[in-house]
Protein chains: 2
Amino acid sequence: MSLRYALLALLRVGPLSGYDLQKQFSLSVGHVWHAPDSQIYPELRKMETEGLIEGEEQPRGQRATRRVYHVTETGDLAFLEWLQTPLAYARVRDPAHLRAAYLEAATPKVARAFLQAHIGQWEGELAQWEGELVRIAVVDNPMLVRRLAGTRPGDRDRTIAFKRFTYEGLVDRARGEIAWARRGLELVDGLEGSGGAWAALPAARA
Amino acid sequence: MSLRYALLALLRVGPLSGYDLQKQFSLSVGHVWHAPDSQIYPELRKMETEGLIEGEEQPRGQRATRRVYHVTETGDLAFLEWLQTPLAYARVRDPAHLRAAYLEAATPKVARAFLQAHIGQWEGELAQWEGELVRIAVVDNPMLVRRLAGTRPGDRDRTIAFKRFTYEGLVDRARGEIAWARRGLELVDGLEGSGGAWAALPAARA
DNA sequence: GCGGCCATGTAAGTGGTTACATGATTGA
DNA sequence: TCAATCATGTAACCACTTACATGGCCGC
């Protein structure tokens, strides 16, 4: 249900084709809400039938066309209303912490591999989000630039402030996950060292 | 795909019926992986046809029965293998941060409501997880007690250590989310105070 | 005898994933 | 002429959600 609002958020700064949207997605909203093209195109069609956006066929070369969408007033209102509706929080479903809870049944090696992969995963995300923070600071994100161009000067600080706030939150989370996994590695070291006969093939317990 | 391993994790400490599992779920694994009964019962059937578990009809009163499942050797191996497979991380899809990124289009009031709801949400989770940490510390969780009963004394520390590690991670995350949202509230205060004509019905920008 | 718990589901729908499919255009 | 990129999807599948359905058992 959030996908359409992510799309509306992008289209509100100016008309784009499905293809453009898909590209912009990975460079902006995609950092908080991933969506593949196979989901974007159908969603756009659906949004059009519901009157949130309107598409216009534009010629491209001799035979080809591209469909450029813009937000309708209905769509704009829908976006503003969405901002006011309480968020529907998903029930917790966390594969990493599920796995962590049963690491005692794995070997130290396997436990370490898991924790190191977790660190790697979040370091990747962290790099993305930190990069985005830098691009926000120097106003270098194409989507942000377009948005600011259509924003009254007094409102720019606010726009930038909330983008920064968002990515700072993500960066914090990534750092938290990394710190947690590092503590996990220390825990594994400690458990392995302190006498207990861990790794005495606990996986072979029939 | 994690549901079955969450169920296996519970069944590995001893046979349970679907109903028992469903109850235990909310008291243990459910804190990291939620699942409603409408998902648990069919999944158990599926796991049985795949040979991971075996069910046995037990009489209950005169006419009724209950189906008690236990893990097969195949199931046990599957669980141990799962521990070794690299985690499939889901692509980022974060409704709260998506919303946060566009708060400049909302009124200060709406922005505050969102952030306060976020704090409330995570305070609720935090309370759950902190409670679980306490129950781990005093070894007062029924599922944990059962598990420890079937564990060699030397392995108990390890079992407890990983449970604690898991919930500490969740507690950290909750605290992080709360701290982030509080900073958001301060940001809203600052933006509203500092001259800018926010709240001058920005939602009415046609 | 009745209410609350025990016990087990089905059905319809949503949102997302993965893989596949097709063809036009543009620049080297 | 060939590869990269522009452009737009479809199809099958899976996990999960929400709502509904049914009936026996047990203690008061």
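Throughout, protein chains are lettered first and strands after them, A, B, ... in sequence-line order, and every chain is numbered starting at 1.
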**Lys/Arg cation over aromatic B:Tyr102: A:Lys163, 6.0 Å, 45° cone** = yes
**Asked** When the distance from CD1 of A:Ile40 to P of C:dG15 is rounded to whole Å, what number comes out?
**Response** 15 Å
**Prompt:** Is the phosphate of C:dT17, meaning OP1 or OP2, less than 4.0 Å from a side-chain N or O of B:Arg93?
**Reply:** yes
**Message:** Rounded to whole Å, how long is the line connecting atom CD of A:Gln39 with atom C1' of C:dT14?
**Reply:** 11 Å
**Fill in**
Taken in chain and number order and not counting sequence neighbours, the residues that satisfy ring-ring contact (aromatic ring centres under 6.0 Å, His included) with A:Tyr41 are none
**Asked** Is A:Arg173 positioned over the aromatic face of A:Trp122, cation under 6.0 angstrom from the ring centre and no more than 45 degrees off axis?
**Response** no
**Message:** Does D:dT8 have OP1 or OP2 under 4.0 Å away from a side-chain N or O of A:Tyr41?
**Reply:** yes
**Request:** Could you check how far CG of A:Leu21 sits from P of D:dC6, rounded to whole Å?
**Result:** 14 Å
**Message:** For a quick test of reading the model: is some side-chain N or O of B:Arg45 closer than 4.0 Å to OP1 or OP2 of C:dT10?
**Reply:** no
**Rounded interatomic separation in angstrom, taking CG from A:Asp37 and C1' from C:dA19** = 12 Å
**Message:** Can you tell me if A:Tyr19 touches the phosphate of D:dT8, counting only side-chain N or O atoms and a distance under 4.0 Å to OP1 or OP2?
**Reply:** no
**Message:** Less than 4.0 angstrom between a side-chain N/O of B:Lys46 and OP1 or OP2 of D:dA15, yes or no?
**Reply:** yes
**Item:** side-chain contact (heavy atoms from CB on, under 4.5 Å) partner of A:Tyr69, chosen from A:Leu10, A:Leu11, A:Asp20
**Value:** A:Leu11
**Request:** Please work out if B:Arg60 contacts a base, only the sugar-phosphate, or nothing of the nucleic acid, heavy-atom cut-off 4.0 Å.
**Result:** base
**Request:** Name the nucleic acid region contacted by A:Gln62, choosing base, sugar-phosphate or nothing; use a 4.0 angstrom heavy-atom cut-off, strictly under.
**Result:** sugar-phosphate
**Request:** Starting from C1' on D:dT18, measure out to NE2 on B:His34 and report it in whole angstrom.
**Result:** 11 Å
**Prompt:** Among D:dC16, C:dT17, C:dG16, which nucleotide sits nearest the side chain of A:Pro36?
**Reply:** C:dT17
**Given DNA chain C, 5'-ward residue of the pair B:Pro42 and A:Met1, judged by closest heavy atom** = B:Pro42
**Asked** Less than 3.5 Å between a donor and an acceptor, one on the side chain of B:Ser38 and one on the base of D:dT17, is that the case here?
**Response** no
**Message:** In this structure, how many angstroms lie between the P atom of C:dT17 and the CH2 atom of A:Trp33, rounded?
**Reply:** 10 Å
**Item:** Value in whole Å for how far the P atom of C:dG9 lies from CD of B:Gln22
**Value:** 12 Å
**Message:** I'd like to know if the side chain of A:Arg12 and the backbone of A:Arg147 have a donor-acceptor N/O pair within less than 3.5 Å.
**Reply:** no
**Item:** Distance below 4.0 Å between B:Arg63 side-chain N/O and D:dC25 OP1 or OP2
**Value:** yes
**Request:** Could you check how far NZ of B:Lys23 sits from C1' of C:dT8, rounded to whole Å?
**Result:** 13 Å
**Prompt:** A:Ala64 side chain: which of C:dT25, C:dT17, C:dT8 is closest?
**Reply:** C:dT25
